[in-house]
Q: 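Just dropping this structure here.
Hydrogens, waters and symmetry mates play no part in the numbers below; they use all other heavy atoms, side chains included.
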Amino acid sequence: MSKNENSFLALLNDKNFFFYPSDSEECCFIMYGVKGNSYIAMGDPIGRVELFEKAIEEFIEFCKKNRKKCIFYEVDHENIGAYIKNNMIVSKIGERGKVILKNFTLDGSDMRKLRHLYNHLKKDSYNFKIIPKDNLDAVLVELKSISQEWLDSKNTSEKRFSIGHFSEEYIKNFDLAILEKDGKIISFANIYGTSEKECLTLDLMRHRKGLENSIMEYFFICLIQYAKEENFNFFSLGIVPLSGIEKEWLSPYKSVENFIFHYEKHFYNFKGLKLFKDKFNPQWNPVYITYYGHSIFPLIIKDIISLSSNGLINAIRKKRQFKNQNSESKG
């Protein structure tokens with residue numbers, strides 16, 4: 001088990017693996033996908049931190065040998081020095097939020113609204129439970145129904161690479177957090193704890209159509225409290241793309257900003273996402289893309305979106321369907 005909160009993505013069947021050193025059990029690995037002329041690594045290397053710098057150097061050489069662009073996606077701030085030492089270009093793409101659990105409390109005037117919400121919904125018989133992964137068979141049909149309802153409500157399909165997707169084989173690798181009302185599951189999230197109880201993180205979070213934000217806030221409070229009770233140090237709220245990036249900084253990459261917002265914004269409302277997560281008083285840290293050589297940044301973004309969205313054409317087609325449905329509803 002690793003302290004890297006992206007390490008569970010190795011359980012997906014959509015990645016290749018590069019090991020360094022390749023002939024030793026004491027190693028680290030880089031998981032990566034292939035799109036076009038790019039090898040795209042998902043997150044930082046996983047394993048022994050002291051090997052990261054050399055592993056990145058060897059991966060760059062591996063990419064050169066195969067005439068591929070070398071890209072690392074969702075690199076954390078604490079490891080950025082290893083990339084800079086390998087002469088990689090660094091571009092901030094957003095921020096990752098983590099709740100410091102020893103400081104989390106619903107007490108105090110700042111948390112009054114969340115405290116009132118939590119107490120009200122708890123009295124209203126919204127029940128939070130953890131289902132161990134060995135006991136998931138009994139609820140898999142219900143989970144699949146919820147997942148498909150969520151996808152349909154967002155007019156999207158499963159994403160890949162940087163996030164899990166719903167399948168029975170994949171979901172059974174994880175304990176599951178659920179929220180019930182009147183004995184029926186209305187929301188679920190698969191959860192993953194990193195080594196030494198460093199961080200509890202989520203992967204998929206799906207819910208029934210029309211669920212109010214207040215209920216999801218309650219679900220997050222329950223998850224954070226569970227992580228604290230289990231003696232984790234942090235609870236990860238995940239990444240908010242483009243968070244903490246000044247508009248002036250983005251101006252040279254206006255096409256990138258437009259591309260992300262216009263072809264992906266129906267999947268994620270970035271500004272609303274940041275406001276929602278800020279309610280839990282997280283600590284925000286930068287997240288980066290790093291790449292080697294003279295690659296064109298918009299083309300890097302295009303390859304990443306294409307890899308994550310199961311193809312660029314699919315992402316654009318979904319966007320067009322979304323626009324057409326909105327136009328019909330307004331007409």
Q: Please verify the inter-ring angle class for Tyr73 with Phe161; under 30° counts as parallel, over 60° as perpendicular, anything in between as tilted.
A: parallel
Q: For the residue pair Asn213 / Glu217, report whether a side-chain donor-acceptor contact shorter than 3.5 Å exists.
A: no
Q: Sub-3.5 Å donor-acceptor pair from the side chain of Ser147 to the main-chain atoms of Leu143, do we have one?
A: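 Not a single qualifying donor-acceptor pair exists.
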Q: Taking atom types as modelled, find out whether Ser145 and Arg208 have a side-chain donor-acceptor pair closer than 3.5 angstrom.
A: yes
Q: Measure up the His165 and Tyr170 rings against each other and bin them: parallel (under 30°), tilted (30 to 60°), perpendicular (over 60°).
A: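 Plane angle under 30°, so parallel.
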Q: Cation over ring, Lys228 on Phe104, under 6.0 Å and within 45°?
A: no
Q: In terms of relative ring orientation, are Phe19 and Phe29 parallel, tilted or perpendicular, with 30° and 60° separating the classes?
A: tilted
Q: With heavy-atom distances below 4.5 Å as the criterion, would you say the side chains of Leu114 and Phe220 are in contact?
A: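 The answer is no; the side chains never approach within 4.5 Å.
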Q: Answer with yes or no whether the side chains of Tyr192 and Ser7 bring together a donor and an acceptor at under 3.5 Å.
A: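 Side chains of Ser7 and Tyr192: pair found under 3.5 Å.
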Q: Take the angle between the ring planes of Phe18 and Phe62 and call it parallel below 30°, perpendicular above 60°, tilted in between.
A: tilted
Q: Kindly indicate whether a cation-pi arrangement holds for Lys133 with Phe174, taking the cut-offs as under 6.0 Å to the six-membered ring centre and within 45° of the axis.
A: no
Q: Whether Lys92 engages the ring of Tyr288 as a cation-pi pair (distance to the six-membered ring centre under 6.0 angstrom, angle to the ring normal within 45°) should be assessed.
A: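 Judged by the rule, Lys92 and Tyr288 form no cation-pi pair.
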Q: Considering all heavy atoms of both residues, which atom of Glu158 and which atom of Gly164 are nearest to each other, and what is their separation?
A: OE1-O, 4.4 Å
Q: Which word best sums up how the rings of Phe72 and Tyr83 line up, parallel for under 30°, tilted for 30 to 60°, or perpendicular for over 60°?
A: perpendicular
Q: Could Glu61 and Lys65 be called an ion pair, given the rule that one side-chain N must be under 4.0 Å from one carboxylate O?
A: no
